[in-house]
Amino acid sequence: MRYLPLTDSDRSAMLDVIGAPNVDALFSDVPEIARLDGPIRDLPMHASEMAVEKHMRGLSKKNLAAADAAFFLGAGAYRHHVPASVDTIIQRGEFLTAYTPYQPEIAQGTLQMLFEFQSQVARLYGCVVANASMYDGSTACWEAVAMAGRVTKRSKAVLSGALHPHYTEVVKTMAKFTGDTIAAAQPSIQADPDNAGLISRIDADTSCVVVQYPDILGRLPDLEEIAAAAHAVGALLIAVNTEPVALGAIKSPGELGADIVVGEGQALGVGLQFGGPYLGLFAVRDKKHVRQMPGRLCGETVDADGRRGFVLTLSTREQHIRREKATSNICTNSGLCALAFTVHMTLLGEKGLRQLAAENHRLACIAAEKLAAVPGVTVLNHSFFNEFTILVDGDARQIVRDLAEDNILAGVSLARLYPDVEEFTRGLLVAVTETTSEEDIETLCAALKEKLS
Amino acid sequence: MRYLPLTDSDRSAMLDVIGAPNVDALFSDVPEIARLDGPIRDLPMHASEMAVEKHMRGLSKKNLAAADAAFFLGAGAYRHHVPASVDTIIQRGEFLTAYTPYQPEIAQGTLQMLFEFQSQVARLYGCVVANASMYDGSTACWEAVAMAGRVTKRSKAVLSGALHPHYTEVVKTMAKFTGDTIAAAQPSIQADPDNAGLISRIDADTSCVVVQYPDILGRLPDLEEIAAAAHAVGALLIAVNTEPVALGAIKSPGELGADIVVGEGQALGVGLQFGGPYLGLFAVRDKKHVRQMPGRLCGETVDADGRRGFVLTLSTREQHIRREKATSNICTNSGLCALAFTVHMTLLGEKGLRQLAAENHRLACIAAEKLAAVPGVTVLNHSFFNEFTILVDGDARQIVRDLAEDNILAGVSLARLYPDVEEFTRGLLVAVTETTSEEDIETLCAALKEKLS
Amino acid sequence: LEEKLIFEIGTPDTTGVDLPEVDDSAPNKLGGMRRDAEIGLPGLSEPETVRHYTRLSRQNYGIDLGFFPLGSCTMKHNPRLNEKVARMPGFADVHPLQPVDTVQGALGVINELAHWLITLTGMHGVAMSPKAGAHGELCGILCIRAALEARGDARKVVLVPESAHGTNPATAAFAGYAVEDIPANSDGRVDLEALKARLGPDVAAVMITNPNTCGLFEPDLREISDAVHAAGGFVYCDGANFNAIVGRVRPGDLGVDAMHINLHKTFSTPHGGGGPGSGPVVLSEALSPFGPLPFTARTDDGVIHLVEEETASEFGHTKAFGRMTAFHGQMGMYTRALTYMLSHGADGLKQVSEDAVLNANYILRSMEDVLHAPYAHSGPCMHEALFGDKGFAEGLSTIDLAKGLIDEGYHPMTMYFPLVVHGAMLVEPTETESKATIDQFITAFRSVAERAKAGDELLKTAPHYAPRSRLDETLAARKPVLAYVDPE
Amino acid sequence: LEEKLIFEIGTPDTTGVDLPEVDDSAPNKLGGMRRDAEIGLPGLSEPETVRHYTRLSRQNYGIDLGFFPLGSCTMKHNPRLNEKVARMPGFADVHPLQPVDTVQGALGVINELAHWLITLTGMHGVAMSPKAGAHGELCGILCIRAALEARGDARKVVLVPESAHGTNPATAAFAGYAVEDIPANSDGRVDLEALKARLGPDVAAVMITNPNTCGLFEPDLREISDAVHAAGGFVYCDGANFNAIVGRVRPGDLGVDAMHINLHKTFSTPHGGGGPGSGPVVLSEALSPFGPLPFTARTDDGVIHLVEEETASEFGHTKAFGRMTAFHGQMGMYTRALTYMLSHGADGLKQVSEDAVLNANYILRSMEDVLHAPYAHSGPCMHEALFGDKGFAEGLSTIDLAKGLIDEGYHPMTMYFPLVVHGAMLVEPTETESKATIDQFITAFRSVAERAKAGDELLKTAPHYAPRSRLDETLAARKPVLAYVDPE
């Protein structure tokens, strides 16, 4: 067994020291009923690295990788080019095989990186403090709702209809158990976000209003208006962002008045990975809310010799200290994904992020224009960043499946996200990033033209 | 430019310190005739990482990778499974981006690794000292011939006909300029190596006899007999090995009397890489010959505090000290390939190497047996390790090309190696390693059966 | 060894990528939301970036550098094959919402991993999506609550042993339960009689860890399960310590209803400095119907299926309590864990737990004459050895010994956990350490323990040979500086 | 920080791979050569192996860790994209003797790289196969010898400036030539008149380095070339310093006949602790016919072709002097170098040389008041700045300053080369260092230089903060221990 260093003679020598006749004796506490007499059946025996690699490669090849297709999927997970040096750094054993930095004297690498990460996220979101990351955007969204409840001592959350349906579902699921009231709605299929409708649902019991920006249909709601309405009744505005690259082109949620900003950070550094692991981002605009935040926080301090150093701090909020009185049961962050995000963001810098955002938007505008010219296709959005909704004359879901056979991954059909809503059948979300070539756009348009004619 | 950290304001500030009006002024020594007025024409401008990666991926995809074929090529380059941890280690920046260890205090990583490498190679070859590696097997072979000349003060080298023709060609090329006499021959197409013929060419002027083991046709010559004949006239026996895995199954050249053992180390850790970079191995059986060896040597010593440490040593043999009196003009070794070899060898250990060799031989025996059963195919060899020669009823070269269209890389035709020798037309070298599946063997046999019927 | 922050070395005008210049005059569809204000994000060229993070990495300790005997955390070797596989384009470069026909291999990984998890634990179903151990705990408790609600049973109490991980009570509280402690007996195990006495119609579940956090197997678990079931409750088992028994004992055989499995502990996915984790939850037949979507379950023909919203009714999985996360969970961790399982096989995994337990007992017996080992009399430990600070000189505590170990070149063991032992030190060697490494560690551990007992004052200021000396955690909490602020 | 040798921690019975047990009774076709004796190769499990080599790596210094101002070695950033590309299966997993139809992309890389090299240097052809710079030198000199022999000209002398790299005279000697020095003038350049005076019918070639090893451009190279050509000889240019002029000056315009190009210097392939290198040789029209196989040449239609033995006559390349190595050369380096060239483009490469030269001049002018700069008066330097040890206190030399720099966190500059300057220190910053890094280096360099002038005795025992203190090189050479010997 290539991962097991003990030799049989080591084992005997160790048993001698222990004073046990054999290894079975060490398992003497296991009751008869649970003792197995050999390896568990129905499972294969050990295999060489070569054999395992071959097996896994076989499974890998049964998938259509995005690089081998004209690719237009988004809906909360975006494909961007990740510089090769990002992966080199996250594969350094010192980062990859480190533990949570509870012993800060020998974990300054992870800690300083987290401090840089928190600072980057806070600035990107227009906030003052960000935590050291959550599981992903959807769970961060729920944690924000729960936090708003703690801050406002109210228990009704008003969710925009244009919040990612998986996020809505996660919030509703968790709220079932905590007893919070979740006022959710379906998205309205219209060119502009329905701010008025959302604002009309806010009342004096509302703890928070949750708005996605850009929203699930790719539209850009004016958060300022919603923030004013929320603040007027003492509620918090929670802004949700699933595409951090957008913030290189559009105003930050914090600037626009959001109190808590959460989101998915996968777009930078992490990659698609079939949905996980991803990277939950969580930040607050007002320092006074820090002690109600969930998750790990890294803070600056000094060591006994006066040198700057970093530690995990304010852990009195956390489960390993406060147990049942913690702000969340979360015990993990998404450390390695946070590292990937931070390295990618450092390579970009403000200049690169703005260039990247501009390039995404430029290509998306081209795609929207060309798609609008395809007979049978209507572009819904008035505003968008790198993703927008089109309506097709037909069942978008079936069209997506058909085009996939020609290696065109045309987008995410609204019916995939909302299987029960008849009126969404024609809707298709189309995302365009810097990895999309103009040739890919032509390919999609040509295929739709043929399909819809 | 992502690799260039200077900003325009940095550049101005630095020019101010230098006292130059602009960068052009720093190139004032360049004569008018050689001054270019802008970027060199006929070359593209800079490109993003994404664009370059795409271009290179396009070129990569125009090749048939061995993993996507039934693969039987050898002839001096062998495909083995390299554990994933080997590549992880050679990509550590501290190894990858280090320089030649001329400052040993901050290069113990490279130096200790080289000491381990030298020790492994010496033991594998049955020698006492190995150097820190050469460019590849073919250049190591020439260096051995040159060294034999220095040791014996004679200038006639007798080359076995069954030495890899590229190696023979390299030796002959270099000897043209040094004035050494090279007695080469063509391989005799017969079941056993022609030891008698080789021995008959040895005479009192002979500095060395060069024998490949296993030889180019895959046969296993009895080196002991040749060693005795060479030593009888005061010549050295140089053994050449192109497949180090074989030495897990067969006696080492040193044991059998070879004075200098050289070879290609690519099979362990390095991979195929279309022929390079590879790894020249070079060892001597007698310590008294050390000071005539070419190339870098790493030796053990102590530091000022008495701790064990390693340094490059005996550099008075080398060009940077001795200039025109050096033992060789070689200035580089194949450091990173040596690291890959050593890590792979350490993972194998003696047990793993023997298992690997046994598995190679087992599969090769199966292949030989099954091929022998194909009408129109004759297996030439009496003895082999993991590669052998077959004779087909037809033009082996054309058969290789035809089978490649069905993703079968059937082997190396002798005509590819010896384009001018009519009688080799029917010969095909077939190599089988642990990466060859029994299914691959069936595929090859079936295709040959069809082709030859 | 001080490395500046990127905010101190980078500028917003520097970038390590090559992208087209922004054309501010180009028309846009940003609907008036275009950003004008500066963000304040520093950039570095690629050489500077690589060097900055490479240097930072060297201030970290990791398994690749040395022994990491953290109790309850199972810091084992992370095979690089796993990393290679996770990066295959068919896994790394696929979108979670691609048409299912284009991701059959990815779904195959999930199903194959689910098969392994169910078979290794002897359970009925598995909820794959939880993102980490604590998320899995929550998932398990929510399954229990959903099952109870489905039968109209509004139980309010969850019993948790006092030695439990902090996540256990936090999870139960988060799920709306009152948490009550169960005491331990003098052997370091759950007090069976006290537990039985507390059971009743208000008890929804017992959360138990087996092997427990004292490193001991709970031999009465089957009897506990039977009693809990008889009282109408469910048994949640914290799977953090599964590495001690994987391949040798199936929790299903002990009556467990739900257990999360930390793929990053037992199945070698890397800890990565604090995540990402992955915490699939195996479920008994009684709980399986309530597992959240996406869910993986075995059908009568023995085949395992991935059930999503749209196929829930097709597979009869209509009672799912909801969704815990977007998409399908931690695919990148699944590929790594499955690669590890296939590498070891059923025989190798059995050897894993045997060697892990052997190493722990070896440490226990090699240390008990110098360090107080409160449960050494209880028989063999499982995969971790527990010690206390009894006998230390006045003024020296577990943390001083821990920091002393740093100077010896080791990551310290887990400190002050479990809470039931004063100055607890929990040492988990795992199966991937050699006898030579463990022997060296024992020598160092004994030496530092002797110094702690002798009152060596140097320990109070340890570490002396680390990138930093002791850091002022009080200052950090009193005046929190949580983000970089530009100098005036 | 002492890490044992694998021979001290591994055993022949341990292995880090999983392969079938050997069946000694199986029939074999080894023809009586079967090995019986033990080889004596220790094995380690995978975790032990990874840890051993990871720990060893941390005793190394590399560009990823800090500034590496080695003159004449061009230690620049190694982009990780290059590494990624080299590992693409179509490059890494193809055999050199596959049918050419199955490796069109690989041949395409060679041809594309050849096109770049020829165009950047303004030459006619290129021999791709030399394995390193010195191998390339040999190739170039052999081309010259072959060209001379082809016209029946048996010239015997090669002229080499005294400041040349050691490989130059070694190469010329290896190729059978008598080597004669050319003196330098007081500006640090070749003495044109002395050179011209020595030319004659016995001179086969002049080997020259431009920019030269004093870091200065040889403005008279064109005149030298013309004189050498007029005398019937050839001009070999050592391309080690090409980074100073790449994209700005084409050696072909200066009359050079042959020049090797160190892909690991100018084109960013990693040094790897001493190799592998790659040294293609660009050739003038006069020498191109003699280049060894495989050879790459431009045909009249502008297309570049790879010529091998079997296609040599088809392309009229029948005068090739032979073959320098098996197979096609350093493919793995070609992919990296081409990736780098495409990344920079013609504009970026011009910026490369400009920034490299700018950085070097900045160091020269920032240091000349504290360190003796023998050619500072000669005008701007090129990509490296040269200093001497004049003014050091008695008993302190360049090596002490170098080792002092190690304690400041830097790899030392090149020491005692070129030979023409006493206690030479050759500093090459390259273009991939930031101004901030260079400023910090200058501060440290100045401080150590001041200490050397002031006679600080601590320098004599430096380094004090490295993994080792000064190593006893004399002992190593006097009693060579070149392989591990098992203890009795």
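In the text below, chain A, chain B and the rest are named by the order of the sequence lines, each starting its count at 1. The shown structure was predicted, so the numbers you read here are calculated from the model rather than taken from an experiment.
- When atom types are taken as modelled, the side chain of C/Asn361 and the backbone of A/Ile18 share no donor-acceptor pair closer than 3.5 angstrom.
- For the atom pair CG of A/Asn63 and CE of C/Met88, the computed distance is 11.5 Å after rounding to the nearest 0.5 Å.
- A/Glu350 places a side-chain N or O within 3.5 Å of a backbone atom of C/Gly40 that can act as its donor or acceptor partner.
- The contact between A/Val129 and chain C is made entirely by side chain atoms (from C-beta outward), counting heavy-atom distances below 4.5 Å.
- Cation-pi geometry between A/Arg92 and C/Tyr53 is not met at under 6.0 angstrom from the ring centre and within 45 degrees of the axis.
- Distance alone, capped at 3.5 Å, places no donor-acceptor pair between the C/Thr15 side chain and the A/Lys351 backbone.
- Of the possible donor and acceptor atoms, none in the side chain of C/Asp472 sits under 3.5 Å from a partner among the backbone N and O of A/Thr301.
- Remark: C/Asp355 engages A/Arg11 in a salt bridge, criterion side-chain N to carboxylate O under 4.0 Å.
- If you measure heavy-atom distances from A/Val343 to chain C, the contacts under 4.5 Å come from both the backbone and the side chain.
- Of the atoms belonging to A/Val311, it is side-chain heavy atoms, and not backbone ones, that fall under 4.5 Å from chain C.
- Using a 30° and 60° split on the angle between ring planes, C/His135 and A/Tyr135 fall in the tilted class, from 30° to 60°.
- With hydrogens and angles ignored, the 3.5 Å screen pairs a side-chain donor or acceptor of C/Asn60 with a backbone N or O of A/Glu94.
- Neither the backbone nor the side chain of A/Thr88 comes within contact range of chain C, judged by heavy atoms closer than 4.5 Å.
- Proximity to chain C (any heavy atom under 4.5 Å) is shown, for A/Ser252, by both the backbone and the side chain.
- Of the two parts of A/Leu409, only the side chain, counted from C-beta on, holds a non-hydrogen atom closer than 4.5 Å to a non-hydrogen atom of chain C.
- The closest donor-acceptor contact from the side chain of A/Glu105 to the backbone of C/Pro463 lies at 3.5 Å or more, if one exists at all.
- Counting heavy-atom pairs closer than 4.5 Å to chain A, the top-ranked of the candidates C/Leu216, C/Val481, C/Leu142, C/Asp347 is C/Asp347.
- Annotation: maximal heavy-atom pairing with chain C below 4.5 Å, among A/His382, A/Glu434, A/Arg79, A/Lys61, occurs at A/Arg79.
- With hydrogens and angles ignored, the 3.5 Å screen pairs no side-chain donor or acceptor of C/Arg222 with any backbone N or O of A/Ala34.
- Within the 3.5 Å criterion, the main-chain N or O of A/Ile250 finds a donor-acceptor partner in the side chain of C/Arg35.
- In this structure, A/His361 contributes its side chain and C/Lys29 its backbone to a donor-acceptor pair below 3.5 Å.
- Taking the six-membered ring for Trp and thresholds of 30 and 60 degrees, A/Tyr99 and C/Phe68 have ring planes more than 60 degrees apart, a perpendicular arrangement.
- Looking only at heavy-atom pairs under 4.5 Å with chain A, the residue among C/Gly62, C/Gly379, C/Pro380, C/Gly274 that has the most is C/Gly274.
- Using a 3.5 Å distance cut-off with no hydrogens or angles, the side chains of A/Asp136 and C/Thr325 do pair a donor with an acceptor.
- For A/Val412, the part lying under 4.5 angstrom from a heavy atom of chain C is the side chain only.
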